[in-house]
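The structure under discussion appears below in the form of structure tokens.
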Protein chains: 2
Amino acid sequence: MDTKNIFIVDDHVLFARSLAGLVNTFPHYQVVETFNNGAELVDALSTGIAEPSLILLDIKMPIMDGLATMKWLKKYHPFVKVLALSMEDDEQTILAMLRSGAKGYLLKDTQPDLLNLAMDSVIQQGYFHTELVTHVLMHSLHEKHTPEQEYALKENEITFIKLACEEKTYKEIAEEMSLSPKTIDGYRQQLFDKLKIKNRTGLVIFALKNKIIEI
Amino acid sequence: MDTKNIFIVDDHVLFARSLAGLVNTFPHYQVVETFNNGAELVDALSTGIAEPSLILLDIKMPIMDGLATMKWLKKYHPFVKVLALSMEDDEQTILAMLRSGAKGYLLKDTQPDLLNLAMDSVIQQGYFHTELVTHVLMHSLHEKHTPEQEYALKENEITFIKLACEEKTYKEIAEEMSLSPKTIDGYRQQLFDKLKIKNRTGLVIFALKNKIIEI
DNA sequence: AAAAAAAACAGGAAAAACCCTGTATTAAAT
DNA sequence: ATTTAATACAGGGTTTTTCCTGTTTTTTTT
């Protein structure tokens, strides 16, 4: 087997460099480039650098995060193999990455052996899935998972939620959305019913849990 | 200079192992142990393993996190040198670590060179502080920083905030705290004034930002 | 023991939030 | 073209929240 070229994309320089060292100890692998974020990778690929055999991609990055990068890759380099490497183990993130074409999803607390195995597997079989991922996939068969799908949230409802998480009155929200206060009250009521919450604090918690807003 | 022994404590196995590889490439350093959390380190030190020259300590860990570990070390191994290695760059965390005796604080996105420099500095000078840390320290001279200090939050106020973040009415909160609704209203008013917020959603956001509640 | 400060509590009222039921208006389906 | 369904909106009422200005009670200080 000839040597496989690897790219690493991770904003934590220390991790990226360390990981490169580790991967280079695996037989047949050679880290040829490390990038600090998705944008750097995109730049490089756009300016004609050769596709690697595998990209190890972090999810949480500034500038251009893992998901955005994955989506770009899916469009412009659909055949490049990507192994997502992340600390987030929440379903939404995992599913979003898999939907965008990641061939595998590893947590950063996995054993080096498993990383090696996963890399072999992705390159040879085309995919690698841990129990975690399998479990998430199984679960996803039974339920819808993005809040938009699960609760069928409409654009206006999301806008309303965002504004309701700020310290605005419903009247102010109505003005900002150019709608009648009564319509806003309708949104509120519908959301309270759908999300099974009793007041506005429930809405804030929901918004945060489902990453509709950030703090 | 003789070889310095290093411990690494980090729950992300991949990072811990990779980092060990990197550190071993630095001259005069040898990673002799890696631990997945503070508890493992404590166990090892308690059962008589030799103190290393330096501990590279992650902050965010399950079981026993960096801060708890640091406090234990301060008590039972006050002279062991610790370099905190973290992704969190918020003032509270940094200050808490420094107060507990960490000799330096690096973000995980620092360059390997800087890590090497920091390690040299901690071992030779006894400390190493980046601009980030210096800035935080300077800032801490001017302001109080835990929400309890900064806003002088009392025990009852904190309890109230926690309950107000659930979907409870003030009347229910009053019952739960065995106080008059009017007293609760007093707490609310005082907090609104102190925190410069306009309604209950502001309270929820404040509680989350200051880690009074978690989601 | 008296004065001062802090904490608990009240009255009363306006604003906002919450809740229910029903009607135009618009968009989609047949 | 007509029914259906979704969306925007209203009336009107209850509850809760928010706000302001006090008083009593307890704790702390002197």
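Labels below follow one simple rule: chain letters A, B, ... track the order of the sequence lines, proteins then strands, and each chain is numbered from 1. Note that the structure is a prediction, hence the values are computed from the model and not measured.
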Report task. Taking atom P in both dC18(C) and dG12(D), compute the distance separating them and give it to the nearest angstrom. Result -> 22 Å
- [ ] Could you work out the separation of dC19(C) and dT18(D) based on their P atoms and round it to a whole Å?
- [x] 15 Å
Does a nitrogen or oxygen in the side chain of [X] sit under 4.0 Å from OP1 or OP2 of [N]?
| X | N | answer |
| --- | --- | --- |
| Tyr187(A) | dT7(D) | no |
| Asn156(A) | dA8(D) | yes |
| Arg188(B) | dC19(D) | yes |
| Ser180(B) | dA10(C) | yes |
| Thr183(B) | dA8(C) | no |
| Lys198(B) | dT18(D) | no |

Can you tell me the distance, in whole Å, between the [atom1] atom of [X] and the [atom2] atom of [N]?
| X | N | atom1 | atom2 | value |
| --- | --- | --- | --- | --- |
| Ile184(B) | dT18(D) | CD1 | C1' | 15 Å |
| Tyr170(B) | dA17(C) | OH | P | 12 Å |
| Glu175(B) | dC9(C) | CD | P | 13 Å |
| Ile173(A) | dA15(C) | CD1 | C1' | 15 Å |
| Lys194(A) | dC19(C) | NZ | P | 16 Å |
| Arg200(A) | dC18(C) | CZ | C1' | 12 Å |
| Ile197(B) | dT17(D) | CD1 | P | 14 Å |

Quiz item: Asp185(A) and Tyr170(A): side-chain donor and acceptor closer than 3.5 Å?
Solution: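 Judged by distance alone, the side chains do not pair up.
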### Task
Decide side-chain contact (heavy atoms from CB on, under 4.5 Å) for Arg17(A) and Ile8(A); before the verdict, give the C-alpha distance in whole Å, the side-chain angles of both, and the deciding distance to 0.1 Å.
CA-CA 9 Å; Arg17(A) 295 288 195 89; Ile8(A) 292 177; over 6 Å; no
Atom pairs and distances, side-chain donor-acceptor, residues 69-78 of chain B, under 3.5 Å, sequence neighbours left out:
unit_1, atom_1, unit_2, atom_2, d
Thr69(B), OG1, Asp65(B), O, 2.7
Lys74(B), NZ, Arg99(B), O, 3.1
His77(B), ND1, Glu51(B), OE2, 2.7

Whether each nucleotide of nucleotides 20-28 of chain D has a protein heavy atom under 4.0 Å at its base (B), only at its sugar-phosphate (S) or at neither (-) is summarised, 5' to 3', as ---------
Q) Counting any heavy atom closer than 4.0 Å, what does Thr169(A) reach on the DNA or RNA strands: base, sugar-phosphate only, or nothing? A)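 The residue Thr169(A) makes sugar-phosphate contact but no base contact.
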Paired to dT30(D) by Watson-Crick or G-U wobble criteria (both distances under 3.5 Å) is dA1(C)
**Item:** Proximity to the side chain of Lys171(B) - top-ranked nucleotide from dT16(D), dA8(D), dA7(C)
**Value:**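 The closest nucleotide is dT16(D).
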task: Could you tell me how the ring of Phe35(B) sits relative to the ring of Phe7(B): parallel (under 30°), tilted (30 to 60°) or perpendicular (over 60°)?
output: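 The rings of Phe35(B) and Phe7(B) stand perpendicular, inter-plane angle above 60°.
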Quiz item: Between Asp58(A) and Lys108(A), is there a side-chain N and carboxylate O pair less than 4.0 Å apart?
Solution: yes
Exercise. Are the side chain of Glu175(B) and the backbone of Glu172(B) linked by a donor-acceptor contact shorter than 3.5 Å?
Worked result: no
Notebook entry, point to check: Checking Arg188(B) against Phe192(B): charged group under 6.0 Å from the ring centre and within 45 degrees of the axis?
Noted result: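 Judged by the rule, Arg188(B) and Phe192(B) form a cation-pi pair.
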